[in-house]
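Remarks on the structure that follows.
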Protein chains: 2
Amino acid sequence: MAAETRTGTGPRDRFRAQVRQEVKTAALRQLAEGGPEALSLNAIAKQLGMTGPALYRYFANRDSLLTDLVIDAYGDLASALSRTAEACTEDAVTRLTELGRAYRAWALAEPHRYRLLFRAPLQGYDAQSASLVEASQPAMTVLLDAVSALAEPDARVPEGAAAQFREWQERHGFEGVPEAVAARSTMLWAHLHGMVALEIEGNFTSMGIDPSFLYEAEVTDFVRSL
Amino acid sequence: MAAETRTGTGPRDRFRAQVRQEVKTAALRQLAEGGPEALSLNAIAKQLGMTGPALYRYFANRDSLLTDLVIDAYGDLASALSRTAEACTEDAVTRLTELGRAYRAWALAEPHRYRLLFRAPLQGYDAQSASLVEASQPAMTVLLDAVSALAEPDARVPEGAAAQFREWQERHGFEGVPEAVAARSTMLWAHLHGMVALEIEGNFTSMGIDPSFLYEAEVTDFVRSL
DNA sequence: TGTGATAGTTAGAGACTATCACGGTCGCAA
DNA sequence: TTGCGACCGTGATAGTCTCTAACTATCACA
């Protein structure tokens, strides 16, 4: 399969990597303009000055390109979050607050990529989904760390749920964290996602409301609840 | 335009209405199986025993059919919620709690329709979007009522935001409700949506976690915060 | 300098949305 | 009852898309 990513070092491999990158860039532009349905391999190829079928030398198919974009996006989100966490040298409360803001900021800056991440990550439940779940972990790690600095580790979690969280943590190497912290982190994620998802889909715009202060309230409420 | 919905009463109009309904039913089945991308007018027509172009007598185009489905779905959600609210004769706390559960239950029962509602309701910002926003109001009304029975009406809301909520309420006839209640209701909606959206996209499944207890915690936390 | 892997092309199958012109049919009014 | 007009459904067609196959040109490297 010529469409696989073999990481060689010859000039041909470097050329290959560059074209792949150009394809992805063009794809992101298309995504930003017309949504994921508008992503057309044909159009991308034309933009890069080649014919449609040439792209299949670089990506096995449309889904494969999308998967690549998703993985990149997870990486970007994670590094944006961890940069924020590291830059914030103050107390744990402001660090978590800043993290919440950074989450929204990233989503608003690149709504099409955010949508790509959390809209239907597992459309095909096959092999790829495993790598997608894998790719989503670093971002979760940042959240977990920030929450665990604040949450009381002994809050009670129903036994069944606790076991599920323990297993999940073991599977992904979050083993130092109490289940209560994992549960609270997941709820924080859900809170942030709820606001952000409604916002980027235009629900607040259509209400004529600027959700900034709602989001702020959301974050501070959560931090206070820990 | 033959594709418009003229509401006459002759036999021809009744036939027309029935075919439109059959088309929508087939569309929902397709949607449930393969997601919104899989919705194919061609396939629907074949299922109903006609050729593709015949469908254009009933719906102007693919988007028009989808818009119809969205409006129907809003109606269904609203009536599911209001049925729950009316059936619950107990105190305001359990009524709001039941409402939260009903919201999730509807979304889990028909994830494809829930997705249709909150995924990209305003893809084209033109005339249709107004009717979509209109269609989403009844469900919001139920939430507002249930929250206003509990929330303290004098909680402070930043002045700018308060003005926005006042305008929004005026536009849609929610005028009896204090702005603080509107703000809290919106946050409740965001909470519910956050959990539900993550759940129906399979994020908890891929974590191996049953989010039921998280959702319960979500709802009770919110009710307690009022 | 020759050879094999790779990049890109054209042609084409099989989907799809959507438009058009045509013929059949049904309802309704004269 | 009859005739007309509105409406339904069809086949043909344009234009889009993904993806495959066969072929050619080119480039790296031994």
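Residue numbers start from 1 in every chain, and the chains themselves are labelled A, B, ... in the order their sequence lines are given, proteins ahead of strands.
Distance, A/D13 CG to D/dC27 P: 16 Å, rounded to whole Å. B/K46 has its NZ atom 10 Å from the C1' atom of C/dC16, to the nearest Å. Note: CD (A/E37) to P (C/dC16) measures 16 Å, nearest angstrom. If you take CZ of B/R14 and C1' of D/dC7, they are 16 Å apart, rounded to a whole angstrom. One atom, CG of A/L55, and another, P of D/dC17, lie 12 Å apart when rounded to the nearest Å. In this structure, the CG atom of B/L65 is 13 Å from the C1' atom of C/dT17, given to the nearest Å. At whole-Å resolution of the value, CD in A/E22 and P in C/dA7 are 14 Å apart. Computed from coordinates, the B/F59 CZ to C/dT17 P distance equals 14 Å when rounded to whole Å.
Note on ring orientation: taking the six-membered ring where Trp is involved, the planes of B/H193 and A/H193 are parallel (angle under 30°, cut-offs 30° and 60°). Taking the six-membered ring where the residue is Trp, B/F213 and A/F165 present perpendicular rings, their angle passing 60° and hence far from 30°.
If you find the closest nucleotide of DNA chain C to A/G52 and to B/P11, the one lying nearer the 5' end belongs to A/G52.
Note on B/T51: a side-chain N or O is less than 4.0 Å away from OP1 or OP2 of D/dT10. Of the side-chain N and O atoms in A/S40, one or more sit less than 4.0 angstrom from OP1 or OP2 of D/dT18. Within the structure, every side-chain polar atom (N or O) of B/N42 is placed at least 4.0 Å from both OP1 and OP2 of C/dA15.
Checked against ring pair (Phe, Tyr, Trp, His ring centres under 6.0 Å), B/W106 has no partners two or more places apart in sequence or in another chain.
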Distances for protein N/O vs nucleotides 18-24 of chain C N/O pairs under 3.5 angstrom?
from: C/dA18; atom 1: OP2; to: B/Y56; atom 2: OH; distance (Å): 3.2
from: C/dA18; atom 1: OP2; to: B/R62; atom 2: N; distance (Å): 2.8

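Across all strands, B/L39 comes closer than 4.0 Å only to sugar-phosphate atoms, never to a base (heavy-atom distances).
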Run A/W189 and A/Y103 through ring-ring contact (aromatic ring centres under 6.0 Å, His included) and show every step you take.
CA-CA 9 Å; A/W189 178 30; A/Y103 187 90; 8.0 Å; no
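In the model, A/H172 has no side-chain atom that pairs as donor or acceptor with a side-chain atom of A/E134 under 3.5 Å.
Between B/E175 and B/R166 there is no salt bridge, since no side-chain nitrogen of the basic residue lies less than 4.0 Å from a carboxylate oxygen of the acidic one.
For the side-chain contact (heavy atoms from CB on, under 4.5 Å) with A/V142, the lone residue among A/L99, A/V147, A/L77 that qualifies is A/L99.
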